[in-house]
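To start, the structure itself, in structure tokens.
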Amino acid sequence: MEELDGEPTVTLIPGVNSKKHQMCFDWGPGEMLVCETSFNKKEKSEMVPSCPFIYIIRKDVDVYSQVLRKLFNESHGIFVGLQRIEEELTGKSRKSQLVRVSKNYRSVIRACMEEMHQVAIAAKDPASGRQFSSQVSILSAMELIWNLCEILFIEVAPAGPLLLHLLDWVRLHVCEVDSLSADVLGSENPSKHESFWNLVTILVLQGRLDEARQMLSKEADTSPASAGMCRIMGELMRTMPILSPGNTQTLTELELKWQHWHEECERYLQDCTFASNPHLESLCKIMLGDEAALLEQKELLSNWYHFLVTRLLYSNPTVKPIDLQYYAQSSLDLFLGGESSPEPLDNILMAAFEFDIHQVIKECSIALSNWWFVAHLTDLLDHCKLLQSHNLYFGSNMREFLLLEYASGLFAHPSLWQLGVDYFDYCPELGRVSLELHIERIPLNTEQKALKVLRICEQRQMTEQVRSICKILAMKAVRNNRLGSALSWSIRAKDAAFATLVSDRFLRDYCERGCFSDLDLIDNLGPAMMLSDRLTFLGKYREFHRVYGEKRFADAASLLLSLMTSQIAPRSFWMTLLTDALPLLEQKQVIFSAEQTYELMQCLEDLTSGRPVHGGPDTQQCQDDDIETTKVEMLRLALARNLARAIVREGSLEGS
Amino acid sequence: MFVARSIAADHKDLIHDVSFDFHGRRMATCSSDQSVKVWDKSESGDWHCTASWKTHSGSVWRVTWAHPEFGQVLASCSFDRTAAVWEEIVGESNDKLRGQSHWVKRTTLVDSRTSVTDVKFAPKHMGLMLATCSADGIVRIYEAPDVMNLSQWSLQHEISCKLSCSCISWNPSSSRAHSPMIAVGSDDSSPNAMAKVQIFEYNENTRKYAKAETLMTVTDPVHDIAFAPNLGRSFHILAIATKDVRIFTLKPVRKELTSSGGPTKFELHIVAQFDNHNSQVWRVSWNITGTVLASSGDDGCVRLWKANYMDNWKCTGILKGNGSPVNGSSQQGNSNPSLGSNIPSLQNSLNGSSAGRKHN
């Protein structure tokens, strides 16, 4: 769209004095941080350093209303459904399906209105009651606009049906009639009710002639003097030619019949048939489409578009869509009569009558601060292929622009963000990258939420986001010493380096405490073990312990040996491994074969030869060295003994 | 429609910077009272101060968060000629119950001879790296090679800007098509000082940062500078806070046309210039998608700028205060939600003259 015209919205922050201070600020994912400060550092502030407030500014508080949340949720379902059936929308049924979608949206708006109205009534204090009531008004306006757009742009009603649709539209939105009707009919003597003629008039204004006729018959019953006139009027009402759905007559036929009827009404008027009853005379004039008579009923009409439709009904029922705008403009002018100027809603409706879709969308964007309405309506109109037909190169981009705005707004909300994901999915240009930027920022307060976010990213092959989120969680877990959690996140992130780091921590913990934490996890690593050498070692080392625990000593022995010879054991851990070998070496039966023992000895020598000689006066160091030396001695001894026994055993076996 | 809620800041002197963390659930403030405070948002949406400590021996100008991939890490810079890196230590359980956390200093960066005016972490794909700039005209880039050991930082680059620097901005683009890039602004007010905005780019071959561009049209002191997040554009967008708000685009000129091995050449265009703040503009910052720019100026307002997709920039919002007092208790946001109407008469025109409001 060309422009979001209109002045920028000014938000006042209570407590801030813009005359005295400037503001520093920062953006957050859904909020903005603002604080009073003074940037001119050179100035020494004589004023007492205040204790300023920090302000959190949030946009679109609207999304937090319970009732509106339902609107967002349900319309999301309709939106996604529409995108999905796009391919199936072909041929003749396409239009009717799109109309159905439009009606679905509208029924969701109406349901929301209903609920909001109930909330308004039940509101505890008048202020919030008023707030909710104004919400109802806004929703009502939205439905009014949407309905008109449906008739003109989606239904694309041709001349003839067009008027019928517009009549329905007006009847739906100017509904004082029903309560008035109930009042009057419920009274003892309806025709003597003070609002009787108002009721009859409004029925006529809304083209509800059958009902008007019934009212007149009541009048005829109670007032014999006017019975005759009522009968005639009733006949006129009955015989007014209208296009009914399913009627096979052509427009020309209808026009002809209507012309005749119109002339008949005219004759009655000229003959002063109704002269003695001003009410009836007025009705006759109305039915003749007399503008002055119609304008006298401003109160009952209540707005210019009602005036417009009534006027069309009684002066040009076969109006062509393309001519609507002239009638609309003149109706607006006549109705306002120069006393007031058009308001935003009027402009929006006028733009619709002019079939200027872009103007409708633009005006709605300005008048409504939430993107919900324009985003969904524009998307629907885009599916009707209406935006392309307007010769503006950014036709399709407007749809995406609005959807992106709407979806971005949803991401500020702790649970509605999930709806936003689908909207981004259906924005081919910038949807994916917008989603990537937004989804990274979702706070991962719970594991459940994190998993949800990850699933969404994985479904869309957003590998970088998956990696990043898992890394954030892994880091958090490490800092909180939850090693098991850290490890599983590292594995999910496919972050070999971090997996190595966490594995090292596990091993260090083991060295310090003599046992493993998170055994379940390590035992069930599966193929993930291959992510990093250190992780593989951790898994295999744990396996060694398990096997040893099951007393499968020979297996344990080979595993232990392979851990050392395959080089996946970090050198720092060799001593621990060799020490682990000790119990196996000192078992009654010989477990390590001669060859295996040789290998172990080799490892020990490798280890001790690489060790620098610790000189120095440090007693602790000396003590450590002593312990080390003792260990090495013990190992040498144990290995030597084992070697001896192994040789003997193997020698004997071979012998026998 | 915006709604504001207030939190008593409790600093004993002027606050110079406020900063949200990556997820918007923590924030940090720094002040002339030489301390930094960290605030956490609870599940119910209330903010509590969970840490407050003295960080420097002079006013603290800026505070910034590292990416959460590196843990809970903050950097601050100060008039005391140093910048510091802080890490949160997971405390004892009683601390957690009291809602307090501890931050320890991991390193002090003391290379600057003058006040350190800005500190910014590099984009996460570059590792744990930060840049500082000082009044001595030097931009210093430090790196912590071991993410698990934040006490080891090495000075990797020193970029001489020749003018007193006031602000820096890293280009957040992680696209492989772009080399790391950093923009530096200077608020030097001497008349000979020309290059108020310089852009440096990392060269893979020389392994150094080289000057890629100087914005010659910016001749007034620059107070803040910010690259916009990149939504897959081939060009960069840079916002500058000077005597007005300026937005530039930098389109890389195709490499084949320039001398190979040198820094990228850019086509510069100014796409917006706004002097609505009536005087100096002090801060500029982009929202997370780079679609809205916020600026703060001498007029005491924060303005929001947005482009339509014809790339016409307009002011779409103003935040200001008229000095009216904060009403009621702090922490109370506006609990009345609304679909909102910018122009209240939208509902009036439906209410119209009497009838028509009631729905059915």
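Each chain gets a letter, A, B and so on, in the order the sequences are listed, and its residues count up from 1.
With chain B as partner, the option from Leu430(A), Leu437(A), Ile54(A) having the largest number of non-hydrogen pairs under 4.5 angstrom is Ile54(A). Taking Ser31(B), Gly24(B), Pro68(B) one by one and counting their heavy-atom pairs under 4.5 Å with chain A, the maximum is reached by Pro68(B). Among the candidates Pro443(A), Pro342(A), Gly28(A), the residue making the largest number of heavy-atom pairs closer than 4.5 Å to chain B is Pro443(A).
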- May I have the step-by-step check of ring-ring contact (aromatic ring centres under 6.0 Å, His included) for Trp304(A) and Phe335(A), ending in yes or no? CA-CA 6 Å; Trp304(A) 66 272; Phe335(A) 196 85; 8.4 Å; no
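Relative ring orientation between Trp305(B) and Phe274(B) is described as parallel, the plane-to-plane angle staying below 30° on a 0-90° scale split at 30° and 60°. The aromatic rings of Trp65(B) and Trp103(B) stand perpendicular to each other, their planes meeting at an angle above 60°, with 30° marking the opposite boundary.
Side-chain contact between Thr289(B) and Val433(A) is absent, with no heavy-atom pair separated by less than 4.5 Å.
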Exercise answer: donor-acceptor pairs, residues 472-479 of chain A side-chain atoms, under 3.5 Å, sequence neighbours excluded:
from, atom 1, to, atom 2, distance (Å)
Arg479(A), NE, Glu87(B), OE2, 3.2
Arg479(A), NH1, Glu87(B), OE2, 2.5
Arg479(A), NH2, Phe70(B), O, 3.1
Arg479(A), NH2, Glu87(B), OE2, 3.0

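Looking at Lys41(B), the atoms closer than 4.5 Å to chain A (heavy atoms on both sides) all sit in the side chain, from C-beta outward. In this structure, chain A has no heavy atom under 4.5 Å from any part of Thr64(B). With a 4.5 angstrom heavy-atom cutoff, Val284(B) touches chain A only via backbone atoms. For Ser174(B), no part sits under 4.5 Å from any heavy atom of chain A, backbone or side chain. Within the 4.5 angstrom heavy-atom criterion, only side-chain atoms of Glu43(B), from C-beta onward, approach chain A. His223(B) does not touch chain A: none of its heavy atoms, backbone or side chain, sits under 4.5 Å away. Heavy-atom distances place the side chain of Glu464(A), and not its backbone, under 4.5 Å from chain B. The contact between Met32(A) and chain B is made by backbone and side chain atoms together, counting heavy-atom distances below 4.5 Å. Contacts between Arg25(B) and chain A at a heavy-atom distance below 4.5 Å involve the side chain alone, from C-beta outward.
Taking a cutoff of 4.0 Å between a charged side-chain nitrogen and a carboxylate oxygen, Lys124(B) and Glu440(A) qualify as a salt bridge. Taking the charged nitrogens against the carboxylate oxygens, Arg130(A) and Asp125(A) have no contact shorter than 4.0 Å, which rules out a salt bridge.
Arg303(B) meets the salt bridge (charged side-chain N to carboxylate O under 4.0 Å, His left out) test with Asp299(B); sequence neighbours excluded.
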